[in-house]
S.K.: 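Structure below; questions to follow.
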Protein chains: 2
Amino acid sequence: MAELLTERKTQIAEKATLLFKERGYAATSMRDLAAAIGIEAASLYSHLRSKEELLQRICFGMAEAFFTARDQVNSLQLPAPIKLRLAIEKHVEVVTNDVNASAVFLHEWRHLSEPELSIFKSMRREYEEYLTAILQEGKAAGQFNIPNEKLTVLTLLSSLNWLYDWYRPDGNLQPHEIAMQLADQVLNGLITNK
Amino acid sequence: MAELLTERKTQIAEKATLLFKERGYAATSMRDLAAAIGIEAASLYSHLRSKEELLQRICFGMAEAFFTARDQVNSLQLPAPIKLRLAIEKHVEVVTNDVNASAVFLHEWRHLSEPELSIFKSMRREYEEYLTAILQEGKAAGQFNIPNEKLTVLTLLSSLNWLYDWYRPDGNLQPHEIAMQLADQVLNGLITNK
DNA sequence: TATACTAACTAACAGTCGTTAGCAAAGATA
DNA sequence: TATCTTTGCTAACGACTGTTAGTTAGTATA
């Protein structure tokens with residue numbers, strides 16, 4: 001029954017993501033995970049090779065989603081301010097699409113062991129460079145006022161990433177609206193009448 | 001030897017803060033901590049009652065520092081935009097003053113057990129409300145353009161909090177400069193020529 | 001009907017966890 | 001000199017860790 005097998009594997013992955021988010025990777029035991037599903041800890045090993053495999057899937061799955069978003073943005077030739085809006089929109093889509101996985105991706109990656117840890121870090125750096133490039137483009141064209149790109153890109157990223165903490169799929173703010181308001185705030189600031 | 005006693009206690013607190021930041025609370029064992037100091041794990045208990053006591057001191061010590069900053073800001077009668085600049089400045093001071101403790105404060109608080117956990121959460125909420133009040137003040141006075149206060153305050157806080165991740169005390173950016181650039185960015189946005 | 005595979009189980013492994021008990025050396029105090 | 005306090009030690013506790021071995025019932029395939 002290929003379908004049932006996949007269902008169970010999916011269920012394990014989803015519960016693991018939830019527990020890793022709520023309690024952290026190190027504080028979640030395989031017995032916790034098994035109990036949350038309703039089986040014995042040893043039975044998990046019919047479906048996976050190790051606990052860390054679960055973490056790897058979550059971290060690299062999210063990384064892949066962010067790269068896909070980046071490639072979509074970069075496939076278009078756009079002025080920097082509009083490109084930045086699009087990048088924000090796509091990033092928000094990825095985060096809101098799976099807030100649990102986003103939280104694990106952001107906070108639990110350091111429990112990866114080598115070589116995955118180094119690979120993960122370099123992927124993250126690559127994504128930061130993609131956003132930095134947009135900022136530099138706009139700065140060079142005189143469209144952005146940025147004294148320090150690094151500060152700006154890290155501030156931007158933290159604003160976008162914290163989303164997982166308060167976004168509610170059943171709330172009244174849609175991802176698109178959130179992205180628009182975030183983009184307005186980042187681009188125009190809070191001060192009225194510009 | 002009251003002084004030596006205090007020195008050792010301080011050393012333990014600092015190493016614990018560093019290890020909790022780097023590996024996370026759950027993944028740091030008392031044996032790890034003891035080894036980092038150069039004593040046996042059991043010897044730690046001459047200086048503290050439990051592992052969680054260490055976490056409590058870090059979390060509530062930082063909370064106290066943030067509240068002190070808030071009270072300083074609130075003791076002055078200022079227009080909202082200037083008050084927000086000051087709040088940002090004070091917040092940056094607290095974070096940059098101890099980046100390790102800031103990281104633990106931000107990420108490891110959920111390993112507190114009751115009743116400390118609930119107390120901690122309500123203190124955090126109180127601090128968010130202090131910042132929200134400034135935003136509402138400016139909005140009511142027509143100085144701020146804010147469609148959604150909650151989104152704005154959480155975005156602001158995440159920008160400020162992520163500082164612990166990249167601020168280097170020996171770097172070329174002083175806390176005051178960082179605070180000014182952050183404030184400019186939040187208030188004026190990235191777009192040139194306003 | 002016979003065979004192979006899947007997904008669960010129980011039992012157990014070697015190691016680690018936070019913590020306690022009991023003790024020893026050193027220095028401070030009386 | 002005698003006593004108390006501090007700060008470390010060794011040894012050990014019971015619980016928990018990720019994981020493996022071996023087994024079993026049920027289902028799909030030949």
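Just so you know, these numbers use all the heavy atoms, side chains as well, and skip hydrogens, waters and symmetry mates. A note on names: the letters A, B, ... follow the listed sequences, proteins ahead of strands, and every chain is numbered from 1.
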S.K.: State whether the number of non-hydrogen atoms from other residues, nucleotides or ligands found under 6.0 Å of B:K51 atom NZ is greater than 12.
M.R.: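 More than 12 heavy atoms, drawn from other residues, nucleotides or ligands, come within 6.0 Å of this atom.
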S.K.: Is there a side-chain polar atom (N or O) of A:R8 under 4.0 Å from OP1 or OP2 of C:dA8?
M.R.: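 So the side-chain polar atoms of A:R8 do come within 4.0 Å of the phosphate oxygens OP1 or OP2 of C:dA8, strictly under.
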S.K.: Expressed as a whole number of angstroms, how long is the span from A:E7:CD to C:dT6:P?
M.R.: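 After rounding, the gap between these two atoms is 17 Å.
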S.K.: So, B:S118 versus B:E114: side-chain donor-acceptor pair below 3.5 Å or not?
M.R.: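 On atom types as modelled, these side chains qualify, holding a pair under 3.5 Å.
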S.K.: Would you kindly give the CG-to-P distance between A:L48 and D:dG18, to the nearest whole Å?
M.R.: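 So the CG-P distance, A:L48 to D:dG18, works out to 12 Å.
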S.K.: Would you say that B:E108 contacts B:C59 through its side chain, given a criterion of any heavy-atom pair below 4.5 Å between the two side chains?
M.R.: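 The answer is no; the side chains never approach within 4.5 Å.
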S.K.: Could you please name the option among C:dT19, C:dA7, D:dG8 that lies closest to any side-chain atom of B:S50?
M.R.: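 For B:S50, the side-chain atoms sit closest to C:dT19.
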S.K.: Can you measure A:L54 atom CG to D:dT17 atom C1' for me and round it to whole angstrom units?
M.R.: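 Distance, rounded to whole Å: 16 Å.
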S.K.: Collect all protein-nucleotide pairs involving nucleotides 10-12 of chain C in which both atoms are nitrogen or oxygen and the distance is under 3.5 Å.
M.R.:
residue: C:dA12; atom: N6; partner: A:R31; partner atom: NH2; Å: 3.4

S.K.: Whole angstrom is fine here: how far is it from OH in B:Y45 over to C1' in C:dG22?
M.R.: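 For the pair B:Y45 OH and C:dG22 C1', the rounded distance is 17 Å.
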S.K.: Assess the pair B:F66 and B:F105: is the distance between their ring centroids shorter than 6.0 Å?
M.R.: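 Yes, the ring centres sit under 6.0 Å apart.
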S.K.: Under 4.0 Å between a side-chain N/O of A:H47 and OP1 or OP2 of C:dT6, yes or no?
M.R.: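 Looking at the OP1 and OP2 atoms of C:dT6, neither is under 4.0 Å from any side-chain N or O of A:H47.
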S.K.: Could you tell me whether the side chain of A:H91 reaches within less than 4.5 Å of the side chain of A:Y127, counting heavy atoms only?
M.R.: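 They are in side-chain contact.
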S.K.: Would you kindly give the CD-to-P distance between B:E53 and C:dG18, to the nearest whole Å?
M.R.: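 About 15 Å, once rounded to whole Å.
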S.K.: Would you kindly give the CZ-to-C1' distance between A:R49 and D:dG18, to the nearest whole Å?
M.R.: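 The distance from CZ of A:R49 to C1' of D:dG18 comes to 16 Å, rounded to the nearest Å.
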S.K.: Around atom CD of A:E64, are there more than 12 heavy atoms of other residues, nucleotides or ligands at under 6.0 Å?
M.R.: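 Open: at most 12 neighbouring heavy atoms sit under 6.0 Å from CD of A:E64.
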S.K.: Just checking A:S29: base, sugar-phosphate only, or nothing, at a heavy-atom cut-off of under 4.0 Å?
M.R.: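 If one applies the 4.0 Å heavy-atom cut-off, A:S29 turns out to touch the sugar-phosphate alone, with no base involved.
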S.K.: What's the closest nucleotide to the A:K51 side chain, out of C:dC9, D:dC9, D:dG18?
M.R.: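 So the nucleotide nearest the side chain must be D:dG18.
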S.K.: Looking only at side chains, do B:N161 and B:S158 share a donor and an acceptor under 3.5 Å apart?
M.R.: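 Short answer, no.
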S.K.: Give the rounded distance in Å between these two atoms: CE of B:M30 and P of D:dC9.
M.R.: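 After rounding, the reported distance stands at 14 Å.
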S.K.: Which whole-number value in Å describes the distance from B:I37 CD1 to D:dC9 P?
M.R.: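 Rounding to the nearest Å, CD1 of B:I37 and P of D:dC9 are 11 Å apart.
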